[in-house]
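Beneath this line is the structure, given in structure tokens, with notes to follow.
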Amino acid sequence: MIVDNNISEFEATQKEWLKHHVFIKMTNSMQEALTLLTKTDFLLVVIVTDNIEYMPLLPYYIPPKAGGFLAG
């Protein structure tokens with residue numbers, strides 16, 4: 001999942017990941033991404049950001065069965 005609004009950059013990134021049989025999804029906001037996490041089972045969620053305001057909320061969005069790892 002990518003949180004961004006740059007569709008051309010997303011399309012290039014998606015094309016590259018599809019070579020490895022990995023589908024990625026784009027959202028326009030962190031709130032949209034968090035909502036999607038509650039509705040979709042992701043194999044992997046990678047978050048690269050300087051904005052960590054949402055970090056305390058992540059345990060509520062990532063189910064325990066997923067076995068998440070958070071790094072600061």
Legend entry - Where Asn5 and Met26 come nearest, the two heavy atoms and their spacing: CA-CE, 4.4 Å
Legend entry - Residues that Ser8 engages under side-chain contact (heavy atoms from CB on, under 4.5 Å), provided they are two or more places apart: Asn6
Inset, instruction - Applying side-chain contact (heavy atoms from CB on, under 4.5 Å), run through Thr13 and Ile2 and close with a yes or a no. - result: CA-CA 9 Å; Thr13 302; Ile2 293 176; 3.8 Å; yes
Inset, instruction - Please name the pair of heavy atoms, one in Trp17 and one in Ile24, separated by the smallest distance, quoted to 0.1 Å. - result: CD1-CD1, 4.2 Å
Legend entry - Point-to-point distance, once rounded to the nearest 0.5 Å, from CG of Leu18 to CZ of Phe23: 7.5 Å
Inset, instruction - With sequence neighbours left out, write down each residue that passes side-chain contact (heavy atoms from CB on, under 4.5 Å) with His20, or none if nothing qualifies. - result: Glu16, Val22
Inset, instruction - Determine yes or no for a side-chain-to-main-chain donor-acceptor pair under 3.5 angstrom, with Thr40 supplying the side chain and Leu37 the backbone. - result: no
Inset, instruction - For Ser29, check side-chain contact (heavy atoms from CB on, under 4.5 Å) against everything at least two apart and list the hits. - result: Gln31, Glu32
Legend entry - Non-hydrogen side-chain atoms of Leu36 and Lys25 separated by less than 4.5 Å: yes
